[in-house]
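See below for the structure under consideration.
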Amino acid sequence: MHNELSKAQKVWLTVQKIPIGKVASYGQIADLAGLPGRARLVGKVLGQAPDNMKLPWYRVLRSSGQLAFEAGSPQAEKQKGLLQEEGVVVLKNRVKISQFGWQPNLGELLEMQF
DNA sequence: ACAGTGACAAGTC
DNA sequence: AGACTTGCCACTG
């Protein structure tokens, strides 16, 4: 048995909260999900997430704004396309956090009780 | 138990 | 800016 579903669910629920046209870092999602220091776990569970569930995985990137995938890779290109559909500018495989970074307000934080 | 791993992060040069 | 190092800590075999 793997009751990891509990952690994965927290991550998925948190990622769902990222507004359209905004992005968040792996570490930020981990913190908001109540899993401080588990940035790498966030990436892992996103990769395990079934693609049928509408999960905006592409709104999650590194704290530097870099996409997690190698520039030019199929995954990176797909992520770039999905972000640009939402108006997020992706240049050199990176997004300007200062412009598109998600800053959850108090209301959004209150919604996040698991 | 233990060593290797990872869609990361922060610091140093 | 780009490359490298260290810290991180649960997951996996």
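Each chain gets a letter, A, B and so on, in the order its sequence line appears, and its residues count up from 1.
- Residue A:S25 has a polar side-chain atom (N or O) positioned under 4.0 Å from OP1 or OP2 of B:dA9.
- Of the candidate nucleotides B:dA7, B:dC8, C:dA10, B:dC8 has the atom lying nearest to any side-chain atom of A:R40.
- At the heavy-atom level, A:G47 lies under 4.0 Å from base atoms of the strands shown.
- A straight line from CD of A:Q28 to P of B:dA10 spans 11 Å, rounded to a whole angstrom.
- The CG atom of A:L35 sits 14 Å away from the P atom of B:dA9 (whole-angstrom rounding).
- A:E86 and A:R59 are joined by a salt bridge, as a carboxylate oxygen and a charged side-chain nitrogen come within less than 4.0 angstrom of each other.
- Here the closest non-hydrogen pair linking A:L55 and A:A49 is CD2-CB, 3.6 Å.
- Among the atoms of the strands shown, none is found under 4.0 Å from any heavy atom of A:S64.
- At C:dA1, one or more side-chain N or O atoms of A:R94 fall inside 4.0 Å of OP1 or OP2 (strictly under the cut-off).
- Note: CG (A:N93) to P (B:dA7) measures 15 Å, nearest angstrom.
- By the 4.5 Å heavy-atom criterion applied to side chains, A:L83 and A:L67 are counted as neighbours.
- Across every non-hydrogen atom of A:L61 and A:Q66, the tightest pair is CB-O, 3.3 Å.
- The distance from atom CG of A:L46 to atom P of B:dA7 is 11 Å, rounded to the nearest whole Å.
- Here A:W102 pairs with A:E108 under the side chain to side chain donor-acceptor pair (under 3.5 Å) rule; sequence neighbours left out.
- For A:L41 against A:K7, the heavy-atom pair with the smallest separation is CD2-CD, 4.2 Å.
- Ranking B:dA7, C:dC11, B:dC8 by closeness to the A:F69 side chain, first place goes to B:dA7.
- Looking only at side-chain heavy atoms (C-beta outward), A:K78 and A:S73 stay at 4.5 Å or farther from each other.
- One interatomic measurement links the two molecules: CD of A:Q66 to P of B:dG6, which rounds to 19 Å at whole-angstrom precision.
- Rounded to whole angstrom, the span from the NZ atom of A:K80 across to the C1' atom of B:dA7 amounts to 18 Å.
- Note on A:R62: only backbone sugar-phosphate atoms sit closer than 4.0 angstrom, heavy atoms only; bases stay farther off.
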Within the sub-3.5 Å range, which N or O atoms of nucleotides 3-5 of chain B have a protein N or O partner, and how far apart are they?
none

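- A:V90 has its side chain within reach of A:Q84: a pair of non-hydrogen atoms, C-beta onward, lies under 4.5 Å apart.
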What nitrogen or oxygen pairs link the protein and nucleotides 11-13 of chain B at under 3.5 Å?
none

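- Of the listed nucleotides (B:dA10, B:dA7, C:dC11), B:dA7 has the atom at the smallest distance from the side chain of A:A68.
- When rounded to the nearest whole Å, the span between OH of A:Y26 and C1' of B:dG6 equals 11 Å.
- In this structure, A:L67 places its CG atom 11 Å from P of B:dC8, rounding to the nearest Å.
- Using a 4.5 Å heavy-atom cutoff, the side chains of A:L35 and A:I29 are not in contact.
- By the rule that hydrophobic residues join a cluster once side-chain heavy atoms approach within less than 4.5 Å of another member, A:I20 and A:Y58 end up as members of separate clusters.
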